Amino acid sequence: ISLKCDDYYYPHGEMTLKERSTLNFDSPDSLEFSLMKEHLSMLRSGKSVDCPIYDFTTHTRKKETRRVEPRPIVIIDGILVLHDPDIRSALDLKIYVETDADERILRRARRDMKERGREIDDIIAQYLTTVKPMHATNNGPAVFNLQKFKDGEVHPYTSNVDKFKDVGIPYARTHDS
């Protein structure tokens, strides 16, 4: 089963759509980590959870939730999931797949236009004002003192620029979303 970090964005239902569209969703402060921790704890103790579902077109959570049943393996997907120290320490295995910056912006533009109905000028503005600066300070293997796997050996990351494509773990690969 998997939890999606994006589903834990604060709902901000008290704000208008226009106000919500100006929020910095690339900051760790935009996520309700306390609810994610609670859900992860419940799943680990064998209890089901009702996860929020985030709607990127309205920048808030949907009214309906997604029922998640406990399983032996829980995957939490999201670029900011490793930012919370409690969640990070609760994970048995952490995999960070770093993707080239050019590839990230191209994927983001394609996704946001196709799936979220956004205009290219808005995507570029968001990328330059929040996505790119937040990625440099809040993401990346060096931020979390992670190690990389390459050629069957473990190596420490020396900077956020230290990139690799083949991580040596068959299921850790980039995808088009």
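Everything numeric in this text was worked out from a predicted model, so none of it was measured. Along the sequence shown, the residues carry numbers beginning at 1.
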Distance from [X] atom [atom1] to [Y] atom [atom2], nearest 0.5 Å?
{"X": "Arg88", "Y": "His83", "atom1": "CZ", "atom2": "NE2", "result": "8.0 Å"}
{"X": "Ile123", "Y": "Met113", "atom1": "CD1", "atom2": "CE", "result": "5.5 Å"}
{"X": "Asp29", "Y": "Asn24", "atom1": "CG", "atom2": "CG", "result": "8.5 Å"}
{"X": "Met36", "Y": "Leu80", "atom1": "CE", "atom2": "CG", "result": "8.5 Å"}
{"X": "Ile87", "Y": "Leu40", "atom1": "CD1", "atom2": "CG", "result": "6.5 Å"}
{"X": "Met15", "Y": "Ser21", "atom1": "CE", "atom2": "OG", "result": "9.0 Å"}

- Those residues that, when tested against Pro133, pass side chain to side chain contact (heavy atoms under 4.5 Å, CB included) (two or more places apart): none

- Apply side chain to side chain contact (heavy atoms under 4.5 Å, CB included) to Asp55 and list each qualifying residue two or more places apart in sequence or on a separate chain. Thr57, Thr58, Lys62

By the salt bridge (charged side-chain N to carboxylate O under 4.0 Å, His left out) test, which pairs, at least two apart or in different chains, include something from [range]?
{"range": "residues 3-25", "result": "none"}
{"range": "residues 37-53", "result": "Lys37-Asp84, Lys37-Asp86, Arg44-Asp92, Asp50-Arg67"}
{"range": "residues 126-139", "result": "none"}

- Item | Partner residues of Phe33 under the ring pair (Phe, Tyr, Trp, His ring centres under 6.0 Å) criterion, sequence neighbours left out | none

- Does Tyr10 have any ring pair (Phe, Tyr, Trp, His ring centres under 6.0 Å) partners at least two apart in sequence or in another chain, and if so, which? none

Tell me, please, which residues at least two apart from [X] pass side chain to side chain donor-acceptor pair (under 3.5 Å).
{"X": "Thr60", "value": "none"}
{"X": "His39", "value": "Tyr8"}
{"X": "Ser34", "value": "none"}
{"X": "Arg66", "value": "none"}

- Message: Parallel, tilted or perpendicular: which one describes the rings of His59 and Phe25, with boundaries at 30° and 60°?
- Response: parallel

Check: [Y] and [X] side chains under 4.5 Å, non-hydrogen atoms:
{"X": "Leu23", "Y": "Ser30", "result": "no"}
{"X": "Leu3", "Y": "Leu43", "result": "yes"}
{"X": "Val131", "Y": "Ile105", "result": "no"}
{"X": "Ser2", "Y": "Asp77", "result": "no"}

- Of all heavy-atom pairs between Pro70 and Gly46, which one has the smallest distance, and what is that distance? CG-O, 3.3 Å

- Query: When clusters are formed by joining ILVMFWY residues with side-chain heavy atoms under 4.5 Å apart, either directly or through shared neighbours, do Tyr9 and Leu17 land in the same one?
  - Reply: no

- Glu119, CD atom: more than 12 neighbouring heavy atoms under 6.0 Å: no

- Query: Taking only residues at least two apart or on different chains, which pairs with a member in residues 103-128 satisfy ring-ring contact (aromatic ring centres under 6.0 Å, His included)?
  - Reply: none

- Could you please spell out the steps behind the side chain to side chain contact (heavy atoms under 4.5 Å, CB included) verdict for Leu91 and Leu82? CA-CA 9 Å; Leu91 301 175; Leu82 295 175; 4.0 Å; yes

